[in-house]
Amino acid sequence: MHRKYDKMYLRMDIKIISFQEHGNKNASLSVAECMKEIPFNIKRIYYLYNVNNCQSRGHHAHKNLQQVYIAISGSMKIMLDDGKHKKIITLKEPNKGLYIGKNIWRNIYDFSKNGVLLVLASELYNEKDYIRDYKQYKDYIKNRKI
Ligand code: TYD
């Protein structure tokens, strides 16, 4: 991952997190703990895998959910959009996580063959927390700021 991603983004509520590393010459071992590297208590995990390279996922924002994305195998790209700015981040290092705050639209695409995206989530699954229509998302963001 590029070094410039190793800092808090001031304009969007995302950041790259570096995990603890306890590996040796025989094996790598990365660790992330709640309220240390992960800035919330983890209530749920899920993972995306066997994703066809031409498939894209996501296409939604969450009103209250915070997440950390980790490419535990292979690589994938994440397009992030907060209604004002867009960023594309390539995840490919298992010792790094991408924190995504609330109200950020994301598309996930370009999975490598062995790509596995682990997601740590701050809340249990709640379909009502999703905004799945981009126009509704833009309206929600606009009205939220008034
Ligand atoms: P979705 O979050 O839209 O997946 P992606 O971001 O990869 O496009 O979820 C896909 C389907 O799985 C949707 O029908 C909701 C369901 N689902 C759950 O039931 N529980 C969960 O924790 C998640 C993440 C999804």
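One-based numbering, in listed order, for ligands and for the atoms of each.
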For this session: Would you mind telling me if ligand 1 is within reach of the side chain of V119, the backbone, both or neither, using heavy atoms under 4.0 Å?
Result: neither
For this session: Considering only non-hydrogen protein atoms, determine which one is nearest to atom 8 (O) of ligand 1 and report residue, atom name and distance to 0.1 Å.
Result: G58 N, 3.0 Å
Exercise. Less than 4.5 Å apart, any side-chain heavy atom of Y46 and any of L118?
Worked result: no
Exercise. Does a side chain donor of either Y125 or E127 reach within less than 3.5 Å of an acceptor in the other side chain?
Worked result: yes
For this session: Determine, using heavy atoms of R106 and all atoms of ligand 1, whether some pair is separated by less than 4.0 Å.
Result: no
For this session: Would you mind running through ligand 1 and noting each atom that sits below 4.0 Å from a heavy atom of Y46?
Result: 24 (C)
Exercise. Are there protein heavy-atom neighbours of atom 15 (C) of ligand 1 below 4.0 Å?
Worked result: yes
Exercise. What is the closest protein heavy atom to atom 6 (O) of ligand 1, and at what distance does it sit?
Worked result: H60 CE1, 3.0 Å
Exercise. Are any of the side-chain heavy atoms of Y130 and Y137 separated by less than 4.5 Å?
Worked result: no
Problem set entry | Shortest reach to atom 3 (O) of ligand 1 by a heavy atom, considering only R132, R44, R57 | R132
Problem set entry | Distance-only polar pair, side chains of Q55 and Y109, donor-acceptor under 3.5 Å | no
For this session: Mind listing the closest non-hydrogen atom pair of R106 and Y69 along with its distance?
Result: NH1-OH, 3.1 Å
Exercise. Between Q66 and E123, does any side-chain donor sit less than 3.5 Å from a side-chain acceptor?
Worked result: no
For this session: Could you go through the salt bridge (charged side-chain N to carboxylate O under 4.0 Å, His left out) check for E37 and K96 one step at a time?
Result: CA-CA 10 Å; E37 291 80 12; K96 296 265 162 65; over 6 Å; no
Seminar exercise, completed: Per-atom filter on ligand 1: closer than 4.0 angstrom to a heavy atom of Y130 are 1 (P), 2 (O), 24 (C)
Exercise. Identify the closest protein heavy atom to atom 17 (N) of ligand 1: which residue and atom is it, and at what distance?
Worked result: Y125 CE1, 3.7 Å
